Structures are given as structure tokens and as C-alpha cells.
Number of protein chains: 2
Amino acid sequence: MTRILVVDDERQLLRAMSINLRARGYDVDLAETGRRALELAASSHPDVVILDLGLPDLDGTEVIAGLRGWTQVPIIVLSARHTEEAKVSALDAGADDYVTKPFGMDELLARLRATLRRAQAGTGSEQPVVETDHFTIDLAATRVTRHGGADEEVRLTPTEWQLLEVLVRAGGKLVTGPQLLHEVWGPQYGTELNYLRQYVAQLRRKLEPEPSAPRYLITEPGIGYRFVAD
Amino acid sequence: MTRILVVDDERQLLRAMSINLRARGYDVDLAETGRRALELAASSHPDVVILDLGLPDLDGTEVIAGLRGWTQVPIIVLSARHTEEAKVSALDAGADDYVTKPFGMDELLARLRATLRRAQAGTGSEQPVVETDHFTIDLAATRVTRHGGADEEVRLTPTEWQLLEVLVRAGGKLVTGPQLLHEVWGPQYGTELNYLRQYVAQLRRKLEPEPSAPRYLITEPGIGYRFVAD
DNA sequence: GGCGGCCGTCAAGACGCCGTCAAGAACGCC
DNA sequence: GGCGTTCTTGACGGCGTCTTGACGGCCGCC
């Protein structure tokens, strides 16, 4: 399911967008302020952000910068300002598209599809299923099964799942502790390495054949963690 | 170097675009017809296509479809048509952005930068892998493997890794001792050459086929160290 | 030929990080 | 409102890493 975060201070527009997007099968989160938008982005991990620049609390580029500090999520900007300067500064701050108000819903939806298509072409095109000798991870279905004789499903808590997902999507690359904390707990975290120890241990108990001798969730001492699939 | 294919039937606009883009360091290919555009795209593999929809020979969506049949190159559409329907059909045909004429050059350039940024984020533009006869260093994954019969992974401590990374990124250039100390241990270090001796020796033990006769981690007496990849 | 500087090596203590256990707080479900 | 699960937070022991000092060999210089 594709999750969209819509940020705008006009309630009416927010409701209209929500209805239109939900009718087309998207999951929608709503925020009326920049702060709330940054919170929601950190907690719900949207696949794309639709961001009005005329927010009461934060400047538009501040919100963009706040997001770009820790995520590459696509950002489509809505704005009443038509000047080139406004467009250039928003795009260069990290926005992916810039739509001027008033806009047609059909056009916005088309730009949304184009943005999602481009974003997915980069990252999600790989197989979202990772299989090892001992378990299978289906990223799309959010499901993990252990191959212990009869396949049994493994229950993961939301936090455990997010952590596993970040590690798996890294594709065998090493992920540093602060980076994991940013992506799982949000941008304001970065030093709470004890969280990681806690949840990595839990994942190992649920997935590893020998939790005390990890084979898939590897610790790189002093740096971070790595997922290796045989 | 980034290569851009500009397709438009107005010579004047073509020339203006060409000058502007080349002034900013892009390589530019020009085409005045859809057929020529498809030929050029196939032969020169541009990094992005700027496509005017009002071409004499082919319909705009046909050109987009012709490109999308074999490449995911980003396409920025230029068009004099302002209707939503035109935008939707172009975007759904595979375009990444839609700019209506007349447009400002600054805006187009900003959208170009945004599109290129998004496209590069997906592909992992660099090639941070260094391979020698005896081992492979993957800077992105933070991993080193030795080619001793069966490839075995080499475990490096954080300090060892940072030191190796600085030397490798220098690209075969000589790096002085104080410079290495600055980059690995921090700006307040610069005289502790014994640290370097300690960790260079450790890296040689882990990587060199004959640690006593270094082949890759070379000492330049009185100056510093150098990494050479065969 | 003697001397000094630089580099490679070894060794030992201090320190930080990791895995683990445990308990309180927050949340959702019945 | 009670209960179970999940999340947060703290503490502790063990082990690996970092830091630091010392020594010997090689080379160039005087």
C-alpha cells in the first residue's frame, strides 16, 4: 500500500485531497503544520509527501530541509507563489516537483504517479523477497516465515519490522548505528545505541538458528550492523 | 559529464537552450524531429531528455512511448498546451515532468537539477569498488574480501577502516602523515605518527599477501603513505 | 665509522562497546 | 477498568579496540 503524507493548513483542501487520494487506493496521513508534518514523516514513513509551502509555523524550505536531513522520500510542493525564484529555491532545497495553486486534481494525481514511478524505479525494483536457508522475508507482504520443518510464521513487532526492513533494503551494505536510529525511530534520535542492542537481540532470537552466533544479522563492532543473506 | 538531449522544432529555442546548458557544464545533443530524437537517444545515451511535444513528424506521446520502450531515461516535457488532459496523458505515457511554454530558463534548470538528482539517487552513480589481485574493497558496503582461493571476508576495526578509506579515496595519490591523522583521528591530531605505524602495520597484516614486503600500502619515507591498486 | 632520525614491531593498560538481564511506562484490546 | 504486549530505560560483565610507551633495525647524513 502506498502511503501519502499531505501537508496543508487549509482544512478544506486537506479534506478534498484526502477523499480523492483514498478513493484511488492510497493510504493518507494529514498534517496542518510543519512540525506535525516532520513528526508524522518520522513515525509513519510515507512513500511520498505533498507539501504546501504556506504553513503557519515553519518556512517551506525549512520543512524540506528537515525531511532531506534524513530521508530521500519524494516531495511534491504545492504553492500559491508563481515566481521562478520560489520554484527554484524549493526545487533546489530538495523538492521533486512544484505545482502552483490553484491546480487541477487530475494533474496533481498524474504528477504523483510520475513521481512514484520514478522513485520506485530506483529502489523498489528489486525482488522484495529475501530467502535464506532458515527463513524468508517478504518485504511487500510484511511477512517472515521460518523454515523449521513445517514453515511457521514469525510475529514481529512494528519496531522490529522496521529495523529489519532497513537492514534488508540496504542490500548487504553496512548501516551505521545513528543511521538506523534515524530511519527507524526518527531524525531526533541518533545516540541511543542501547535501543539497537535491544532490538537486534530480539530479531536474532526470532530469526537466527543460533542467536548467540549470528549468521545473518552481523555486528560490525564500533560501526553498525549488516544483513547478509547467505 | 551529464549529457542532455534537447528536442524542439524551433531553431531559436534550440540554440538558446544549447547555450544555456553548455554554459552550465552539460553536454548537449540537439534534435528537431521525433525520429531524429529517437535515433540520437539510442546512439548517445543521454542522461535526461528535454522534449517539446509540438513536433512536425511524430505525436508527443509517440516519442515518449518510443523512448520508454527500451530506456528509463528521465524525460522533461515542454509544451504550449496548458490543458490538464495534455499534462495527464504525457505524464502517464512516461514523462517525468511537464513544463508549459512559455517557461523561464531558471525554472527549467531547477527542474532539470531535481530530475537528475532523483535519477542518480536510484542508480548509485558512483563505482566505489576497488579490486586488486589479492583483495576487493567495497567502499559503499564497507566490506573487504580477500581472494585467497575461497573469498573470505576481512574484519576491519573502525579506525582501520577509516584509514584505509582515506588512502583509497586519495586515488593512488600520496597522503602525508599529518593529513592522515587529521582525517582519521580529528583536527587536533597531527604529530602522533606512531598511531599510523601501528594501524598501517595492522592493515598490511590483514590485506597484504606479504606484510613484510608491502605491495599496496606503500610507505613514502619521511612523507607519508600511498595506496596503489596494481 | 659514528650518529640520529624514521619506520616496523611488540606489549600492556585503559577504555568503550556489545550482549544480556530486568523493570517500569505506555499503549491497545477485550 | 483490567490485562497483555510493546516500548523505553537503566545497569553490569566481558571482550575487543584504542592508546601509549619502548625497543631494535635500516638508512642517510655528517
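Computed from a predicted model, the values in this text were never measured in an experiment. Per chain, numbering begins at 1; letters A, B, ... match sequence-line order.
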Checklist entry - Has the side chain of A/Arg36 got a donor or acceptor atom that lies under 3.5 Å from a matching backbone atom of A/Leu30? => result no
Item to check | Terminal axes of the helix from C/dG1-D/dC30 to C/dC30-D/dG1 (five pairs each): angle between them, nearest 10 degrees | outcome: 30°
Item to check | Integer-rounded Å distance: D/dA22 P and B/Arg197 CZ | outcome: 13 Å
Item to check | Salt bridge A/Arg215-A/Glu210, side-chain N to carboxylate O under 4.0 Å | outcome: no
Next on the checklist: On a heavy-atom basis, which atom in A/Ala114 and which in B/Ala95 lie closest, and how many Å separate them?
Outcome noted: CB-O, 3.7 Å
Checklist entry - Of all of residues 198-213 of chain A, which get a heavy atom below 4.0 angstrom from DNA chain D, listed by number? => result A/Gln198, A/Tyr199
Next on the checklist: To the nearest 0.5 Å, what is the distance between NE2 on A/His45 and CG on A/Leu5?
Outcome noted: 12.0 Å
Checklist entry - Among all residues two or more places apart in sequence or in another chain, which pass the ring pair (Phe, Tyr, Trp, His ring centres under 6.0 Å) test with A/Phe135? => result A/Tyr216
Checklist outcome for this item: For B/Val228, the side chain to side chain contact (heavy atoms under 4.5 Å, CB included) test, sequence neighbours excluded, returns B/Ile218, B/Arg226
Next on the checklist: What I want to find out is whether A/Asp8 reaches A/Lys101 closely enough, with some N-O distance under 4.0 Å, to be called a salt bridge.
Outcome noted: yes
Item to check | Strand contacts (DNA chain C) in residues 180-194 of chain A, 4.0 angstrom heavy-atom criterion | outcome: none
Checklist entry - Under the side chain to side chain contact (heavy atoms under 4.5 Å, CB included) test, which residues partner B/Thr142, sequence neighbours left out? => result A/Leu174, B/Trp161
Next on the checklist: Measuring from atom OH of B/Tyr26 to atom CG of B/Leu109, what distance do you get when rounded to the nearest 0.5 angstrom?
Outcome noted: 6.5 Å
Next on the checklist: Checking B/Gln179 now: which residues fulfil side chain to side chain contact (heavy atoms under 4.5 Å, CB included) with it, not counting sequence neighbours?
Outcome noted: B/Val175, B/Thr176, B/Glu183
Can you give each donor-acceptor pair under 3.5 Å made by side-chain atoms of residues 68-79 of chain A, sequence neighbours left out, with the distance rounded to 0.1 Å?
unit_1: A/Arg68; atom_1: NE; unit_2: A/Gly94; atom_2: O; d: 3.0
unit_1: A/Arg68; atom_1: NH1; unit_2: A/Thr71; atom_2: O; d: 3.2
unit_1: A/Arg68; atom_1: NH1; unit_2: A/Val73; atom_2: O; d: 2.8
unit_1: A/Arg68; atom_1: NH2; unit_2: A/Val73; atom_2: O; d: 2.9
unit_1: A/Arg68; atom_1: NH2; unit_2: A/Gly94; atom_2: O; d: 2.9
unit_1: A/Arg68; atom_1: NH2; unit_2: A/Asp96; atom_2: OD1; d: 3.1
unit_1: A/Trp70; atom_1: NE1; unit_2: A/Gly66; atom_2: O; d: 3.3
unit_1: A/Thr71; atom_1: OG1; unit_2: A/Val73; atom_2: N; d: 3.1
unit_1: A/Ser79; atom_1: OG; unit_2: A/Arg81; atom_2: N; d: 2.9
unit_1: A/Ser79; atom_1: OG; unit_2: A/Tyr98; atom_2: OH; d: 3.0

Checklist entry - Who pairs with B/Glu85 by side chain to side chain donor-acceptor pair (under 3.5 Å), at least two apart in sequence or on another chain? => result none
Checklist entry - Nucleotide range of DNA chain C contacted by chain A, 5' to 3', under 4.0 Å to a heavy atom? => result C/dC17 to C/dA22
Checklist entry - Is there a residue in residues 153-165 of chain B whose heavy atoms reach under 4.0 Å of DNA chain D, and which residues are they? => result B/Arg155, B/Thr157, B/Pro158, B/Thr159
Checklist entry - Looking at OG of A/Ser89 and CG of A/Leu53, how far apart are the two atoms once the value is rounded to the nearest 0.5 Å? => result 8.0 Å
Next on the checklist: So, using side chain to side chain contact (heavy atoms under 4.5 Å, CB included) as the criterion, who are the partners of A/Thr159 when residues are at least two apart?
Outcome noted: A/Thr157, A/Val184, A/Trp185, A/Tyr199
Next on the checklist: Using modelled atom types and a 3.5 Å cut-off, is there a donor and acceptor pairing between side-chain atoms of A/Asp57 and backbone atoms of A/Arg35?
Outcome noted: yes
